[in-house]
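Any value given below was found using the heavy atoms of this structure, including those in side chains, with hydrogens, waters and symmetry copies removed.
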Amino acid sequence: MKVVARILSIILIFLLFRRRQKPTLLIAADSKSLLWQITGNGLVKPSYIFGTMHLMCAEDAVVSPSLKAVVKQVKQVYFEVDMDHAGTLLGGEVDFNMKQDGQLKDFLTGEEYEQVKMFFKEHQPMLPFEILERQHPLILSSGLYEFFLPCQEKNGAEVKIAELAHKLGKPTGGLESLAFQQYIFDSIPYDQQAKDLVKTINNVDHFKQSMHDMLTVYKSQDLEKLQQLTMQDESGVSTHLDMLLYNRNNNWVKEMRSIMKQKSTLFAVGAGHLGGDNGVLDLLRKQGFNTRPIIN
């Protein structure tokens, strides 16, 4: 009997140790969190959504213990686009050049064109400008944010999450295709995109400060304030919110509803999509789901 009792004690200690090692997901006291739990509306198991920043200093692109616990718990991870298929860009399956052989000089004055040309030759000398000037100006504008970061080594939250998902054997997916993103870039008039690019280059110091403010708010995990900054963005994003933000939010929530009912899922999308009226969290609530902030 003593032997049996000793074995049972060892088993109990082992189980208690394992329980202590398992991270507990705690509900946050306020709404300041990048990580949210989704329940209700027929879901058998909870799903989660995490707000990412696509590009930041590598030291800031970390996976918190709570987020790591969620990745371990769910059955799959979904991003804006499937990270495993993003390589199709390099394979040429998705072309982000302007249609009809458009070039940047077609939409700018001679002086503006030379200004943009000199800027990229100085800051991105490894890529021939003859290649860059055929891309959508909005892509070039987005790429400028890399210059605004106060660090040499950059990374994105999605990359770190994808690495962890692959390590744990979790399949990944995407809420939209790269082809759809190409459609968005083609839907915004090229001349507007080009003028916004010039405006950004002419106000580099201002946009560096805006980027700093956005990263500071992101680190504070204040989604509402981050959404306000997105609406105030002067680089051209704020003038195309329906196309770049709200329409995509609605499309994503439709996809999420179907995906969550099949498997417990972590969705990792840009944090600017989550907060505010018609943000993803608001739309999920309108669909009858419960959303709760997790301490992150």
So I49 and M256, do their side chains get closer than 4.5 Å, heavy atoms only? yes

Could you measure the distance from the NZ atom of K160 to the CG atom of L164? Nearest 0.5 Å is fine. 9.5 Å

pair M260-K45: side-chain heavy atoms closer than 4.5 Å: no

Please test N250 against L283 for side-chain contact (heavy atoms from CB on, under 4.5 Å), starting from the C-alpha separation and ending with a verdict. CA-CA 7 Å; N250 278 287; L283 294 174; 3.9 Å; yes

Do I294 and I161 belong together in a cluster built from hydrophobic side chains that touch within less than 4.5 Å? yes

So, are E112 and K105 salt-bridged, with charged N and O less than 4.0 Å apart? no

Verify the neighbour count for atom CG of D277: are there more than 12 heavy atoms of other residues, nucleotides or ligands below 6.0 Å? no

Worked check of side chain to side chain donor-acceptor pair (under 3.5 Å) between N41 and Q287: CA-CA 8 Å; N41 201 9; Q287 289 283 321; 5.5 Å; no

Would you check, one step at a time, whether the test side-chain contact (heavy atoms from CB on, under 4.5 Å) holds for E163 with V159? CA-CA 6 Å; E163 288 175 351; V159 174; 3.7 Å; yes

In short, L226 meets A271 closest at the heavy-atom pair CD2-CB, 3.4 Å

Taking only Lys NZ, Arg NE, NH1 and NH2, and the carboxylate oxygens of Asp or Glu, determine whether K32 and E224 approach each other closer than 4.0 Å. no

Quick one, H54 and S142 - any side-chain contact, counting heavy atoms below 4.5 Å? no

Taking the side chain from S66 and the backbone from I295, do they hold a donor-acceptor pair closer than 3.5 Å? yes

May I ask you to say whether K195 pairs ionically with D191, meaning some side-chain N is under 4.0 Å from a carboxylate O? no

Assess the residue pair L266 and L67 against the criterion (side-chain contact (heavy atoms from CB on, under 4.5 Å)); give the C-alpha distance rounded to whole Å, side-chain angles, the decisive distance to 0.1 Å, and a yes or no. CA-CA 9 Å; L266 167 65; L67 182 56; 3.9 Å; yes

Determine whether D82 and T172 satisfy the following criterion, side chain to side chain donor-acceptor pair (under 3.5 Å), listing intermediate values before the conclusion. CA-CA 6 Å; D82 191 345; T172 61; 3.1 Å; yes

Assess whether atom NZ of K154 is packed by more than 12 heavy atoms of other residues, nucleotides or ligands within 6.0 Å. yes

Compute whether any side-chain donor of one residue and acceptor of the other, for S64 and N296, lie under 3.5 angstrom apart. yes

With sequence neighbours excluded, give me every disulfide (SG to SG under 2.5 Å) pair touching residues 251-296. none

Do T39 and R292 get their side chains close enough for a donor-acceptor pair, meaning under 3.5 Å? no

Within a strict 4.5 Å, meaning less than it, do heavy atoms of the Y218 and L34 side chains meet? yes

What I want to check is whether the side chains of N251 and E255 have a donor and an acceptor closer together than 3.5 Å. no

All N/O donor-acceptor pairs, side-chain side in residues 124-136, below 3.5 Å, sequence neighbours left out:
unit_1, atom_1, unit_2, atom_2, d
E133, OE1, Y113, OH, 2.6
H136, ND1, F96, O, 2.5
H136, NE2, D186, OD1, 2.7

Students often mix this up, so state it plainly: with edges at 30° and 60°, are the rings of Y190 and F107 parallel, tilted or perpendicular? perpendicular

Between A69 and L25, the two heavy atoms sitting closest are CB-CD2, 4.2 Å

Given side-chain contact (heavy atoms from CB on, under 4.5 Å), test D60 with L215 step by step and report yes or no. CA-CA 10 Å; D60 295 326; L215 285 169; 5.9 Å; no

Main-chain N/O of T265 paired with S47 side-chain donor or acceptor, under 3.5 Å: yes

